[in-house]
Protein chains: 2
Amino acid sequence: MLGDRWTSLILMVLAIGPWRHADLKRALAQLSAEQAISQRVLTLKLRTLERNGFVLRHVTGDVPPKVSYSLSPLGLELAGEGRRMVDWANARAEAIRAARQAFDAAED
Amino acid sequence: MLGDRWTSLILMVLAIGPWRHADLKRALAQLSAEQAISQRVLTLKLRTLERNGFVLRHVTGDVPPKVSYSLSPLGLELAGEGRRMVDWANARAEAIRAARQAFDAAED
DNA sequence: CAGTATCCGTCTCGATACTG
DNA sequence: CAGTATCGAGACGGATACTG
């Protein structure tokens, strides 16, 4: 489930605290920089996360709607696991970069 | 990079030990059960893993070719991280299943 | 603001056939 | 056996317009 473009990033942002839909969209745009998530995809990803019990959806208003999202305890755990992987990858970034360079240089 | 259909599985199998191309293909077919990896995709995934320094490629024969693949120290680390995630997910499988069931039941 | 509907481009995968 | 070439199918994401 983490193997798509946005899910892990959403988890990281939600690990900070609860967000409303539009604010979350803006926050994700900051982090990915090159491209913002579309409204449609954000909804899709949040639905999947909610369905699997990682994200909680709170509806507080009606008109205008106020919906906020937060991590469940299970989601917080998953975000922790995700962070572990990210930290590991960051710590090895230089080794990976070097391996790539060596591989590309060896191409005939 | 782990976010595709085969890479993480390849890592798990290679964590056992070195494999030749065709044997690895057969081993993966066992584990995925429903469908075998195509020769083309296996080569693609192995190339990417090799390029990033996670997999080592050994050529010992010429005709017929004998090529075996094994994990580098870095690859072994990554496989360990992957296993952590898998173990985590397995330990929570029941909670996730229950969350899904509750969510699907709540659909109007 | 939150969410849905629709359409379309792209990227990955799978199947097949072929080479040394 | 290991690898490449080619083609088609399908999943996913992006853009836009629309609703309550």
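Keep in mind that this is a model prediction, so the values were computed, not measured. Chain letters run A, B, ... following the sequence lines, proteins first and then strands; every chain starts at 1.
Side-chain contact between A:L2 and B:L2: absent, with no pair of heavy atoms (C-beta onward) separated by less than 4.5 Å. Contact check for B:L11 versus B:L49: side-chain heavy atoms found under the 4.5 Å cut-off.
Residues of residues 49-58 of chain B having a heavy atom closer than 4.0 Å to DNA chain D, listed by number: B:R57. Contacts between residues 13-31 of chain B and DNA chain C, defined by a heavy-atom separation under 4.0 Å, are absent. Contacts of residues 37-48 of chain B with DNA chain D (heavy atom under 4.0 Å): B:Q39, B:R40, B:T43, B:R47.
With sequence neighbours left out, the salt bridge (Lys or Arg N to Asp or Glu O under 4.0 Å) criterion links B:R5 to no other residue. For A:R100, the salt bridge (Lys or Arg N to Asp or Glu O under 4.0 Å) test picks out no residue, with sequence neighbours left out. Scanning for salt bridge (Lys or Arg N to Asp or Glu O under 4.0 Å) contacts around B:R51 gives A:D104, with sequence neighbours left out. Under the salt bridge (Lys or Arg N to Asp or Glu O under 4.0 Å) criterion, A:R57 pairs with no residue, sequence neighbours left out. Residues satisfying the side-chain hydrogen bond (donor to acceptor under 3.5 Å, both in side chains) test with A:S32, not counting sequence neighbours, are none.
The two residues B:W19 and B:V13 make their nearest non-hydrogen contact at NE1-O, 3.0 Å. Scanning both residues, B:L14 and B:Y69, for their nearest heavy atoms gives CD2-O, 3.6 Å. When all heavy atoms are compared, the tightest approach of B:N52 to B:L74 is O-CD2, 4.1 Å. Annotation for A:A79 and A:M12: closest pair O-CE, 3.6 Å, computed over non-hydrogen atoms.
Pairs of residues two or more places apart, or lying in two chains, that qualify as side-chain hydrogen bond (donor to acceptor under 3.5 Å, both in side chains) and include a residue from residues 36-45 of chain B are B:D4-B:K45. Residue pairs meeting the side-chain hydrogen bond (donor to acceptor under 3.5 Å, both in side chains) criterion with at least one member in residues 71-83 of chain B, sequence neighbours excluded, are A:R84-B:E81, A:W88-B:E77, A:R92-B:E77, B:R83-B:D87.
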Note, DNA chain C 5' to 3' with Watson-Crick or G-U pairs under 3.5 Å encoded as ( ), [ ], | and . gives ||||||||||||||||||||
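For the pair B:T7 (side chain) and B:G3 (backbone), a donor-acceptor distance under 3.5 Å is absent.
For the 3.5 Å distance criterion, the side chains of B:Q30 and B:R26 fail to qualify, holding no donor opposite an acceptor.
Counting 5' to 3', DNA chain D first comes under 4.0 angstrom of a heavy atom of chain B and last does so at the ends given by D:dC1 to D:dT6.
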